[in-house]
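Whatever order the structure lists them in is the order used to number ligands and atoms, beginning at 1. Just so it is clear, the structure is predicted and the values come from calculations on it, not from any experiment.
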Amino acid sequence: MPSSDESKSEFSPVVTLRAWLQRLGETGRAGMAKGGIGLEHELAAVAKRLDGDKAVIFPQPGGHDVSVFSGIVSNRSWIAEAMGESEETMLSRFQHASLNPLAWHEVTDAPAHEVVHSDGIDLLKLLPIPTHSEHDNGPYISAGLLISRNPENGIQNVSINRLQVSGPNRLGVLILPRHTHYYHELAERTGADLPVAIVIGIDPLTLLASQAILPVDCDELEVAGALHGQPLDVVKCTSSDVRVPAHSEIVIEGRVLANVREKEGPFAEFPQYYGPPQDGPVIEVDAITHRRKPLFHTIVSGGLEHLLLGAIPREATLLAHLRRSFVNVLDVHLGLGGVGRYHLYIKIRARQDGEARNILLGALGGHYDLKQVIIVDEDVDIYNPREIEWAVATRFQADRDLIVIPGAQGSKLDPSASEGVSAKMGIDATIPWGSDAFRYKRIRVPGEEAIDPATVLETSAPADITRWLRED
Ligand code: MN
């Protein structure tokens with residue numbers, strides 16, 4: 001691992017969306033689509049095609065006044081850069097921010113309130129909400145930070161939930177049994193609606209902070225402040241006590257209705273399959289506020305932006321979780337083929353026989369989504385799927401190094417699980433303890449890494465090799 005000086009990025013943390021878009025644009029990582037791209041599938045098709053290569057801004061999508069953007073955190077290195085870190089240090093930085101949140105700072109005058117709509121709300125007229133995948137049940141807000149308050153103590157929670165446009169001022173929502181679900185349950189117990197705000201268009205670090213794996217009653221906006229290195233400015237909503245980032249592009253204010261459930265879905269999800277329709281809660285919209293000339297963020301389901309936003313905070317938490325018991329865990333990675341959720345790779349410095357199995361068991365209990373864990377030695381690059389496969393191919397024997405745990409809790413969105421019950425698999429692909437060192441000596445040509453092709457090859461190599469062979 002590089003020393004902390006070398007591994008620092010040359011940048012400081014990015015605190016606004018507009019600054020980040022500007023930097024992506026200046027460095028050839030953002031493109032402007034031609035005006036008027038259609039909101040039904042067409043916009044998502046362009047965004048998905050360029051995902052990981054370029055963020056895209058869509059002016060006048062479907063003839064709408066408000067521009068859409070997508071793909072601002074579709075690359076691991078971009079996320080590290082936005083944090084002002086290197087890829088090597090970003091997980092520990094994220095975990096540090098999660099454990100050391102910074103209280104927000106309240107302001108009364110906010111860009112998010114430059115324009116306020118409170119009467120005759122019509123979501124599709126006010127906002128350019130796209131339809132993404134083939135069988136999605138219509139237009140969806142996919143990059144909205146849903147902010148709610150614990151009705152008993154006022155502590156806020158932030159999550160990203162899929163939001164279906166169910167009517168002019170009505171959104172169907174999927175709320176999985178985590179913190180927002182708990183706050184809604186508390187409100188519903190007293191027959192009350194749960195006031196919420198949906199923030200669309202926010203800086204990359206607040207977006208990332210919203211996905212931090214924290215205990216209940218820890219405000220993700222305070223993690224955003226810690227990542228920024230300065231308290232996040234927030235403003236009170238115009239129709240409720242919910243606080244939202246002052247520099248939000250667009251804020252939808254509303255309430256999750258008590259004791260109302262309506263059909264929502266299907267909608268494309270991160271496992272690359274459709275999340276099935278459900279009878280879900282409903283949000284009634286009371287107001288929409290936005291900046292002048294606002295930008296609307298959309299995340300194409302199952303794309304890199306979607307996968308990485310979930311994967312990086314989980315990696316940070318899993319790494320810290322494992323290191324509590326095993327200081328020799330060097331790094332972890334949630335592979336993208338495993339949809340950034342299901343397959344974990346762990347790199348260790350082996351210390352004693354049997355320990356790799358303990359680490360496997362510790363990891364499998366670390367998050368219910370984990371389905372397969374592969375553990376490798378420190379010479380294997382866990383960010384390279386070919387290296388992982390090589391380690392399994394040459395260091396693992398199924399009758400000796402495989403752990404299978406049937407009937408555990410898994411991901412409900414994994415179509416092969418039955419009602420969220422899933423088997424877990426652990427693969428110990430470390431070199432068997434006590435092996436003869438030469439047996440596992442990795443081949444190497446001395447000097448290969450130091451070769452610079454530019455200094456070895458002739459600048460103008462003969463194109464006609466046959467003619468070159470005929471010459472004396
Ligand atoms: Mn939370």
Show the atom names and distances, to 0.1 Å, of all donor-acceptor pairs under 3.5 Å that link a side chain in residues 118-133 to residues at least two apart or in another chain.
unit_1, atom_1, unit_2, atom_2, d
Asp122, OD1, Leu124, N, 3.3
His132, NE2, Thr298, OG1, 2.8

>> Under 2.8 Å from the Mn ion (ligand 1), which protein N, O or S atoms do you find? Ignore water molecules.
In response: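 Listed by chain and number: Asn157 OD1, His179 ND1, Glu220 OE2.
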Can you list, pair by pair, the side-chain donor-acceptor contacts under 3.5 Å of residues 218-242, counting residues two or more places apart and other chains?
unit_1, atom_1, unit_2, atom_2, d
Asp219, OD1, Leu221, N, 2.8
Asp219, OD2, Trp104, NE1, 2.7
Glu220, OE1, Val158, N, 2.9
His228, NE2, Asp203, OD1, 2.8
Asp233, OD1, His105, ND1, 2.9
Lys236, NZ, Ser240, O, 3.2
Lys236, NZ, Asp241, OD1, 3.4
Thr238, OG1, Glu253, OE1, 2.7
Thr238, OG1, Glu253, OE2, 3.2
Ser239, OG, Glu253, OE1, 2.6
Ser240, OG, Val242, N, 3.3

> Are any of the side-chain nitrogens in Lys347 or Glu378 under 4.0 Å away from the carboxylate oxygens of its partner?
Replying inline: no
>> Would you say the ring centers of His290 and His113 fall short of 6.0 Å from each other?
In response: no
>> Taking side-chain hydrogen bond (donor to acceptor under 3.5 Å, both in side chains) as the definition, give me every residue that meets it alongside Asp136, ordered by chain and number, with sequence neighbours left out.
In response: none
> Can you tell which of Val251, Val66, Ile252 makes a side-chain contact (heavy atoms from CB on, under 4.5 Å) with Ile200?
Replying inline: Ile252
